[in-house]
Number of protein chains: 2
Amino acid sequence: MKFEAVTIKDIAKALGLSTSTVSRALRDSYEISQETKKLVLDYAAKINYHPNPIALSLKERRSRTIGIVVSEIANSFFSQVINGIESIAYNNGYNVIIAQSRESFSREMLNLQFLTSRSVDGLIISVSTETQDFSFLQEFHERGLPIVFFDRIVDQIDTHKVIVDNYKGAYDATMHLLDSGYRHLVALANSESLSITRERLAGYQAALKDRGIDSGGERVRYCKHGGMILSEVEDALNGLLDEPVKPDAILALADKLTTGCLRLLKQKKIDVPGDIGLIGFSNTDLTELLEPPLSVIRQPAFEMGEIATNLLLQLIESKRPVTEFETRVLSTELLIRQSTRRIKSPDIVSL
Amino acid sequence: MKFEAVTIKDIAKALGLSTSTVSRALRDSYEISQETKKLVLDYAAKINYHPNPIALSLKERRSRTIGIVVSEIANSFFSQVINGIESIAYNNGYNVIIAQSRESFSREMLNLQFLTSRSVDGLIISVSTETQDFSFLQEFHERGLPIVFFDRIVDQIDTHKVIVDNYKGAYDATMHLLDSGYRHLVALANSESLSITRERLAGYQAALKDRGIDSGGERVRYCKHGGMILSEVEDALNGLLDEPVKPDAILALADKLTTGCLRLLKQKKIDVPGDIGLIGFSNTDLTELLEPPLSVIRQPAFEMGEIATNLLLQLIESKRPVTEFETRVLSTELLIRQSTRRIKSPDIVSL
DNA sequence: ATCGTTACCGGGAACGATTGCGTAAATAAA
DNA sequence: TTTATTTACGCAATCGTTCCCGGTAACGAT
């Protein structure tokens, strides 16, 4: 079952040269005569020689590989980011290794262990919902592993970051709900520990405040597992629906929550937007085909991947330690569709 | 930017032992005294030693890593398969490296090159739509790389394969359309070279034949790029809609084609299922939330991943070359929803 | 006293590639 | 002719690990 590859030794032996000469010939060193070079190059091509990257990684302590850690590749947002990352990475001669944490802290640690032990030259990561302890990341960072955070960032670690203006995204969406005549808003959020949750929630609350509406602490429910488990979303949603003041619109603060919410409302035969309005963060390209077409806040995912990769490569290829870091903030896009088209006349009591 | 790891040498030096002794102590060799073992083990734990997998891969010519090649991770079917693969792989101490071909032959080759050069111990692959030349795969296979095909398999290469009963899936779906009163069926297919296209199309045509309906050669359109480009699907769809006998139902033979088709029909304001019925292969978990809820043929993707991985591990860990290969065929599931609920009364002329 | 075991440990060669250094031959400069 | 310089190549160390050989004690049996 082993699978023998051609090595530099085979070439050396066949040509009666030393491995050093072959190596140098292949790297086009000035110390090697034209004839010898041609000889080696031709023979290498003939027997389809490719340098062994494992040996190279061992020697050079670099792998021209970057690691990606996301919670779930099935999530459109993340798969779009990954496509962005790959596009830049490939153009720069880098390969990528993708790992999913599935929102589990332990899986995330295992993945990180795997990636670093395989000598990835750098890391692009959006942390899992469960992750509260960043010390392991901190440690890798301090030991010199170049890291770029995107989406769910870690404030404590000083490095490049790529995010969207989550505050504004949520603010605008909330304003849109209010402008549409909805009054009793509730929010369905990811784990409290996540940067995106905090930022988005702040935008939501600021919008309510700017309109002089008392948001109340109870009108937000969190999903610890980021909606990985539908029952968790159901519990949160039930909590919201059971509020003393019945909500007339929901703001979902993550992709999985948005679609999960719609699924549950349908199950409960609660009409959207008739009984309740719904808007949420989502990058699924199916949202416009849903019943009803979903109003969403969309992130420039592909671009985020591109930017993150460029920043990472900059970090990797920098000669001396980088100390100046930047946080790129991109804009979200608000796509207004059916699910927030208020049908009932505004509730007088709430005005 | 370098990132120094603890090696066996550090331990040896610190403890005044040789690297051989340390290595043996760590592997719990009988030749090492209990005291020394404890000494080494304790110290290794203390300084958080982890063997360098790169060095191990170089030495052992194996990496406990399996490579996955799919056309696109954003595709629900593939991401579900990947989850199945990971679940088994992790439980057996293997890691996975995911690569996407994005339906491009050259990308597929590059990925394969990357994976094998990183010494993956085996490969699980569903080939890209573009791939017509399997010689490179054949070569890897002959050189001893364990391969398991799933979904889009390669008949010419003799190894384990995991598929669904595509013939029956398409047959049943077609029968369902006919039973619902549709008469003028058309099919939207992937590239002709794909195994799944051939099998599904055979099922479709067999159903028509069994009902005494002349399918006609022109009532199938192919999408070379597997629907990666929407315009391609549009051209194909337009071709079908322009048929002399206007179709009243569409069978889409791949995930991307199914949703792409719905998107285009909506754009064209063609009502589903009012003007035309639609059923297709899809593993997207959003299909029931679509407008209309989509009737689909669903594949047991997770299970396929699990089986493929078990077969691959069997291949990898087998002492002697395996010569007996199996093709596991799983069942599809037919989920009937709105999109194939015929509304108009059957067209008399067509009966 | 000598031999054979057993228990324990170290030296050094791999794995595939790069690279600093040494050096022979060929050429140029003196 | 002698010395200096260039050209072109090989040796050996290195990366981290394993493992085939050794080797050296200690001990019991002869």
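Order of the sequence lines sets the chain letters (A, B, ...), proteins ahead of strands, with each chain counted from 1. Source: prediction; values computed, not measured.
- For DNA chain C, the residues of residues 39-53 of chain A within the heavy-atom distance limit of 4.0 Å (strictly under) are A:Y49, A:H50, A:P51, A:N52, sorted by number.
- Here B:I32 lies in heavy-atom contact (under 4.0 Å) with sugar-phosphate atoms only.
- Taking B:R64 as the reference, nothing meets the salt bridge (charged side-chain N to carboxylate O under 4.0 Å, His left out) condition, with sequence neighbours excluded.
- Side chain B:K59 to base D:dT18: a donor-acceptor pair is found below 3.5 Å.
- Residue pairs meeting the salt bridge (charged side-chain N to carboxylate O under 4.0 Å, His left out) criterion with at least one partner in residues 13-28 of chain B, sequence neighbours excluded, are B:R24-B:E31, B:D28-B:K37.
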Are any protein N/O atoms closer than 3.5 Å to N/O atoms in nucleotides 23-28 of chain C? If there are, list each pair with its distance.
none

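- In the region residues 9-29 of chain A, proximity to DNA chain C at under 4.0 angstrom, judged on heavy atoms, holds for A:K9, A:S20, A:S23, A:R24, A:R27.
- Taking the ring-ring contact (aromatic ring centres under 6.0 Å, His included) definition, one finds that A:Y90 meets it with nothing, sequence neighbours left out.
- With sequence neighbours excluded, the residues that form a salt bridge (charged side-chain N to carboxylate O under 4.0 Å, His left out) with B:E86 are A:R107.
- Partners of B:F105 under the ring-ring contact (aromatic ring centres under 6.0 Å, His included) rule, at least two apart in sequence or in another chain, are B:F136.
- No side-chain donor from either of A:S128 and A:E103 sits under 3.5 Å from a side-chain acceptor of the other.
- Counting only residues at least two apart or in different chains, salt bridge (charged side-chain N to carboxylate O under 4.0 Å, His left out) contacts with residues 128-137 of chain A are absent.
- The ring-ring contact (aromatic ring centres under 6.0 Å, His included) check on B:F325 picks up B:H160, with sequence neighbours excluded.
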Original post:
When Watson-Crick pairs (N1 to N3 and N6-O4 or O6-N4) and G-U wobble pairs (N1-O2 and O6-N3) count only below 3.5 Å on both distances, what is the dot-bracket string of DNA chain D, with | for other-strand pairs?
Top reply: ||||||||||||||||||||||||||||||
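- For the OP1/OP2 pair of C:dC9 and a distance below 4.0 Å, the side-chain nitrogens and oxygens of B:T36 include at least one atom meeting the criterion.
- Contacts of B:D158 classified as salt bridge (charged side-chain N to carboxylate O under 4.0 Å, His left out), with partners at least two apart in sequence or in another chain: none.
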